[in-house]
Amino acid sequence: MKYPYEEFKEEATAGLAEAIKKLYGIEAEIKIEEPKEIADLAYPCFPLSKILKKSPKEIAEEIAGEIKRREWIDKVEAVNGYVNFFINVKKLAEKLLKKIEEMGDEFGKLPRKNLKVIVEHTSANPNGPLHVGRARNPIIGDTIARLLKFGGYDVVTQYYVDDMGKQVATLFWGVKNLKIEIEHEKADHRYVVFYQKASQLMDEDENVKKEIEEIIKKCERGDEKTLQELKEIYEKVLDGIIESLRNLNIEIDEFVEESRFVLDGSVEKVVKELEKLPYAGKEGKATYIDLEPFGVHGRDKKFYLTRGDGTSLYATRDIAYHIWKGERADMMINVLGEDHKLEAKFVEIALKLLNKKVPEVIFYSFVSLPEGKMSTRKGRVVYLDDLIEEAIERARKEVIKRRGEDEKLEYIAKNVAAGAIRYNIIKVRAEKPIVFKWDEALNFEGQSAPFIQYAHARCCSILRKAGYEGEAKPNYEHESEIKLIKMLALFPEIIKESVKTRNPSMLAEYAYDVASSFNAFYRDCRVIGSEKEKERLALVNATRVVLKNCLNILGIEALEEM
RNA sequence: GGGCCCGUGGCUUAGCAUGGAUAGAGCGACGGCCUUCUAAGCCGUAGAUCGCGGGUUCAAAUCCCGCCGGGUCCGCCA
């Protein structure tokens, strides 16, 4: 199965190759471009000019003269050394609308690949509520998962639960030893106070530090009773985190506890295997791998696998986890903060040395506050729950302003809020650092989720009123109609591209462009009651489908009214 | 000291992988548009040495080298 735009592109490429062969007798690599306003496709003749010793202008003219109108190619022009192609809009409209009509929610999907991919994201220590500094993780992870599913992969998402590290142990110690009364409906917010106080005491009091260290040691030795006790506490915090995620439309398929890899002996096996390698060394009883031969330079290039007492370290357990994961999937994708780069590099090196599958990693920069990096320990944070709550509050005001209070108020406000937050994170490339500002994070206008949701709601409203039944003979002439058709046709291309590059921000941008093109159409072309009502309704419906599919991938509710 | 990432109008950002035709948006500012399908919208104006300096090329925001500024890491933490 091919999408219409794809067919056009193939026809143009084939036509070019043929023409060049015929004219100059050479097999040229055809690199085709998609200039926005100028043409639908363009072929620059500059590289050929060098080989042929002819001006690009002349070459373009010769080639353009050679390429005939075909099924998809409506017009070919030579301009400034480019061969410009124009698509047969009538044909495009016919084929595209038919395809969208048939496929509906499936439109834009790529063929099934029969490859299982595990997307690991969030994996935050369950010692307190999620904060905005890490909010990119679940949003990027969930969007990537949805995107890959749409792109034909079988996707499972995993949250790796660090149930035996310092953070959870500190939390546990705090809950057991401190008396703090705090009111909050969510457990993660109640418990984080114990964690904060305990961390503070740990810095001040050597005995507290020792007690916490003892808890960690017990866990790492596989003491099941201690692990169980910790679990009873952290599980409540984790439930709070899960609830926060659910408010952003994020569900995680599997939770994998770190301790299982200690308990089942796989961590020990990893250490034994790695110890045998020539890169391994010992310092006292602690084992390390020297990273210098792998191109890692710095003050200290030793990466430790075990402590002096033989217990394992986080990265070592992470290796065991990845071996386990790799046995259960064809591909692994991890979403990690940029602070994990070195650790991830180490895990990668270790996995390669052990001849195991290596994960792809998507790194993101932190969301910081104007006063600096967020920190749960220091209490310098904006919690995700507070952001969501504020977003809903603001959305509610907007909804009331527009449509008054009705039974749909909460539903709309909640989804506008969640959408706005998700969109604002995903529209920016993951590597870019973000400084958190309330008004930017909660923008409901311009390039934002509500803008796109609004266009979708407008589509739905028109279709509702007109009673669309799905029959149409497309014949579009208005510039805004044509622009919109072409925009919709690009959807599968955008999916292909963003799946390939694992870059959902491209899709976010595209969804905005579709909504924007629709608004122009809405402005210029009356639908209901016009002579062209039927075919315009078909276009509105096609727009609705594309917007909905975009929004679904972005994890944003496609509201039907707002 | 070293590694990696970021640097595009006042602010936020797309484009950078695979170099091409006038650098595309949004916010904010200013001025307009609700008697017709939802004004969370639309139209217009102003605003850009694409961090700086070299280089490669017919062509550089995009590739290479150097520098500057910011982030991040270099722990027997996670």
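Throughout, a chain's letter reflects where its sequence line sits, starting with A, and its residues are numbered from 1. Values in this document were obtained by computation on a predicted structure and should not be read as measured data.
Figure legend: A/Arg377 and A/Tyr195 shown without cation-pi pairing, the cationic atom not lying both under 6.0 angstrom from the six-membered ring centre and within 45 degrees of its axis. Note that A/Lys483 lies outside the cation-pi zone of A/Phe521, set by a 6.0 Å cut-off to the ring centre and a 45° limit from the axis.
Side-chain rings of A/Phe303 and A/Tyr288 stay apart, their centers remaining 6.0 Å or farther from each other. A/Tyr279 and A/Phe294 have their aromatic ring centers within a separation under 6.0 angstrom.
Distance A/Ile30 CD1 to B/U18 P: 19 Å, rounded to the nearest Å. Atom CZ in A/Arg458 sits roughly 5 Å away from atom C1' in B/G41 (whole-Å rounding).
Neither side chain, A/Thr170 nor A/Ser199, offers a donor N or O lying under 3.5 Å from an acceptor on the other. Judged purely by distance below 3.5 Å, without hydrogens or angles, the side chains of A/Glu445 and A/Ser448 never pair a donor atom with an acceptor atom. With hydrogens and angles left out, the side-chain atoms of A/Gln158 and A/Tyr321 include a donor and acceptor closer than 3.5 Å. Side chains of A/Asn334 and A/His322: a donor on one and an acceptor on the other come within 3.5 Å. A/Arg307 and A/Thr311 share a donor-acceptor pair across their side chains, judged by distance under 3.5 Å alone.
Using the six-membered ring where Trp is involved, A/Tyr522 and A/Phe518 have ring planes that are tilted, between 30° and 60° apart.
Secondary-structure stems of RNA chain B, taken as three or more successive Watson-Crick or G-U wobble pairs (i with j, i+1 with j-1) under a 3.5 Å distance threshold, comprise B:1-7 with B:68-74, B:10-13 with B:24-27, B:29-33 with B:41-45, B:51-55 with B:63-67.
In this structure, A/Val399 reaches the bases: a heavy-atom distance under 4.0 Å links it to at least one base atom across the strands shown. Within 4.0 Å of A/Met506, counting heavy atoms only, lies no atom of the nucleic acid at all. When heavy atoms are screened at a 4.0 angstrom cut-off, A/Lys36 is found touching no nucleic acid atom at all. Base contact: A/Thr501 has a heavy atom under 4.0 Å from a base atom.
Across residues 211-221 of chain A, A/Glu220 each have a non-hydrogen atom less than 4.0 Å from an atom of RNA chain B (numbered order). At a non-hydrogen distance threshold of 4.0 Å, A/Asn125 from residues 122-137 of chain A come into contact with RNA chain B.
Taking atom P in both B/G19 and B/C11, the straight-line distance is 31 Å, to the nearest Å. To the nearest whole angstrom, the two P atoms, one in B/A48 and one in B/C52, are 14 Å apart.
Residues passing the side-chain contact (heavy atoms from CB on, under 4.5 Å) test with A/Asp439, sequence neighbours excluded: A/Arg394. With sequence neighbours left out, the ring-ring contact (aromatic ring centres under 6.0 Å, His included) criterion links A/Tyr314 to no other residue.
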Could you list all N or O pairs between the protein and nucleotides 6-8 of chain B that sit under 3.5 Å apart?
{"unit_1": "B/G7", "atom_1": "OP1", "unit_2": "A/Lys432", "atom_2": "NZ", "d": "3.1"}

- Please step through side chain to side chain donor-acceptor pair (under 3.5 Å) for the pair A/Arg422 and A/Thr143, ending with a clear verdict. CA-CA 9 Å; A/Arg422 285 189 71 131; A/Thr143 310; 3.2 Å; yes

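In terms of polar N and O atoms assigned as donor or acceptor, the side chain of A/Glu37 never comes within less than 3.5 Å of the base of B/A21 in a complementary pairing.
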